[in-house]
Visitor: 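Have a look at this one.
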Amino acid sequence: MDTDQVAALEEMLKEASSEIAEAEDEAALERARVRWLGRRDGRLTEVLRGLGSLPAQERGAVGAAANRAKEAIGQALERRARALAEKGVEEAPPGVDLTLPGRDGWQGAVHPVTSVIDEICDIFRGLGFTRARGPEVETVWYNFEALNTPLDHPAADEHDTMYLGPCTVLRSHTSPVQIRTMQAHQPPVRIVVPGMCYRRDPFDASHAPAFEQIEGLAADEGITFVEFKWTLAEFARRFFGPETRTRFRPSFFPFTEPSAEVDVTCMICGGAGCSACKGTGWIEIMGAGMVDPAVFEQVGYDPERYTGFAFGMGPARIAMLRYGIPDIRMLYDSDVRFLEQFAR
Ligand code: 2NL
């Protein structure tokens with residue numbers, strides 16, 4: 001009785017092995033697995049389930065044979081699955097090598113000037129400034145006269161500004177947007193204005209005739225030089241790092257009084273002096289100042305009641321400093337091999 005059962009199991013194993021070996025594809029192999037090892041009514045599963053009702057003296061030998069058969073069928077299934085997978089590779093169309101590694105996904109990048117603009121605007125958003133924008137084609141009044149810059153000022157010269165007609169220009173800075181905003185809204189106004197600007201400059205390593213600028217303006221009652229200095233110093237700490245120090249050097253702009261060039265401690269040498277800061281330890285990042293009362297008068301703000309500050313910077317220059325880019329033209333010829341390096 002005992003030996004009959006063991007012989008029957010050996011017969012089952014033989015039958016299962018040849019069925020598995022003949023399975024021509026994965027579906028046939030799965031059908032074979034279910035027929036022999038299927039959880040509900042696999043033929044071997046049923047034998048294993050029946051062990052419990054065998055007389056105790058038969059259980060050992062039959063159980064051992066059944067487990068051997070189960071193990072052997074499992075191994076045959078695995079072997080056949082591997083063989084079928086390899087066969088699939090061999091049968092790939094000519095010229096297609098299915099053993100090659102898969103292709104990486106495409107990784108997109110943000111343009112370095114765009115990411116600098118977004119970061120700067122985010123920092124100023126945290127300081128209470130709203131992002132504003134306006135037209136790139138402007139009248140000479142918005143581009144110059146409203147900004148306390150008479151049309152005989154060198155900046156308004158045809159050599160420096162792109163005129164589209166006698167009274168229209170491509171804006172040479174984003175300040176006209178601040179003028180438009182002040183005309184439309186009473187104080188308090190706190191805005192940052194990123195956007196393209198245009199000047200008749202040669203396209204060389206340090207100038208581009210079309211370039212981004214970010215300007216900012218705060219106009220309110222009670223704004224002092226202290227708020228002006230603190231805001232720009234805090235911006236510098238948030239952008240360049242908490243250890244960054246700032247220095248305000250006296251300067252001149254027609255639309256601010258007093259005016260300053262703002263320097264930060266060199267982010268490359270930390271202030272010790274290197275080639276990036278020409279040995280000074282300082283790097284200029286923007287121009288700024290207290291808004292000239294004449295500008296407030298142009299937009300109808302009472303200069304006795306309101307004060308404010310403004311600043312302007314070139315994000316392309318800041319991107320060049322941050323990433324060590326030697327030539328501004330690299331930022332504008334969109335060589336994908338260059339831009340791909342900014343993928344995170
Ligand atoms: C620079 C200097 C500056 C401003 C821009 C401004 C705008 C208004 C009123 C007063 Cl509406 N000032 N803008 C002020 C100081 C400097 O830019 O070097 N830009 C790259």
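Just follow the structure's listing: the first ligand is 1, and inside any ligand the first atom is 1. Basis for what follows: all heavy atoms, side chains included, without hydrogens, waters or symmetry-related copies.
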Visitor: Look at atom 4 (C) of ligand 1 and say which protein heavy atom is nearest, naming residue and atom and giving the distance to 0.1 Å.
Guide: Phe255 CE1, 3.4 Å
Visitor: Below the 3.5 angstrom mark, is there an N/O of Glu215, backbone or side chain, next to an N/O of ligand 1?
Guide: yes
Visitor: Short list, please: which atoms of ligand 1 are under 4.0 Å from a heavy atom of Gln213?
Guide: 19 (N), 20 (C)
Visitor: Could you check atom 8 (C) of ligand 1 against the protein and tell me its nearest heavy-atom contact, residue, atom and distance included?
Guide: Leu147 CD2, 3.7 Å
Visitor: I need the contact type for Leu217 against ligand 1. Using non-hydrogen atoms and a strict under-4.0 Å cut-off, is it side chain, backbone, both or neither?
Guide: neither
Visitor: Please list the nearest protein heavy atom to atom 11 (Cl) of ligand 1 with its residue and the distance rounded to 0.1 Å.
Guide: Gln178 CB, 3.4 Å
Visitor: Check Met286 against ligand 1 and report side chain, backbone, both or neither, counting heavy atoms closer than 4.0 Å.
Guide: neither
Visitor: Report yes if the distance between the aromatic ring centroids of Tyr332 and Phe211 is under 6.0 Å, otherwise no.
Guide: no
Visitor: By the definition ring pair (Phe, Tyr, Trp, His ring centres under 6.0 Å), identify the one residue from Trp230, Phe228, Phe124, Phe129 that meets it with Phe235.
Guide: Phe124
Visitor: Do the numbers put Arg322 on top of the ring of Phe239, so that NZ or CZ is under 6.0 Å from the six-membered ring centre and no more than 45° off the axis?
Guide: yes
Visitor: Counting N and O atoms only, with roles assigned by atom type, does the side chain of Thr224 sit under 3.5 Å from a partner on the main chain of Val226, one being a donor and the other an acceptor?
Guide: yes
Visitor: Please determine if Ile179 has a nitrogen or oxygen closer than 3.5 Å to a nitrogen or oxygen of ligand 1.
Guide: no
Visitor: Got a donor-acceptor contact below 3.5 angstrom from the Arg199 side chain to the Ala208 backbone?
Guide: no
Visitor: Among all protein non-hydrogen atoms, which one is nearest to atom 12 (N) of ligand 1, and what is the separation to 0.1 Å?
Guide: Ala310 CB, 3.1 Å
Visitor: Looking at Tyr142, I'd like to know if the NZ or CZ of Arg180 sits under 6.0 Å from its six-membered ring centre while staying within 45 degrees of the ring's axis.
Guide: yes
Visitor: Decide if the gap between the ring center of Tyr306 and the ring center of Phe296 is smaller than 6.0 angstrom.
Guide: no
Visitor: Please check: side-chain N/O of Arg31 versus main-chain N/O of Glu26, any donor-acceptor pairing under 3.5 Å?
Guide: no
Visitor: Should the pair Glu30-Arg35 be classified as a salt bridge under the 4.0 Å nitrogen-to-oxygen rule?
Guide: no
Visitor: If hydrogens are left out, which of Ala288, Gly308, Gly216, Gly314 has an atom nearest to atom 15 (C) of ligand 1, that is, the closest non-hydrogen atom?
Guide: Ala288
Visitor: Heavy-atom distance to atom 16 (C) of ligand 1: which of Gly287, Ala294, Ser259, Pro254 wins?
Guide: Gly287
Visitor: Looking at Thr256, which atoms of ligand 1 are within less than 4.0 Å of one of its heavy atoms?
Guide: 10 (C), 12 (N), 14 (C), 15 (C)
Visitor: Would you mind finding which of Pro176, Pro315, Gly312 brings a heavy atom closest to atom 17 (O) of ligand 1?
Guide: Gly312
Visitor: Residue-level breakdown please: for Phe253 versus ligand 1, do any non-hydrogen atoms fall below 4.0 Å on the side chain, on the backbone, on both, or on neither?
Guide: side chain
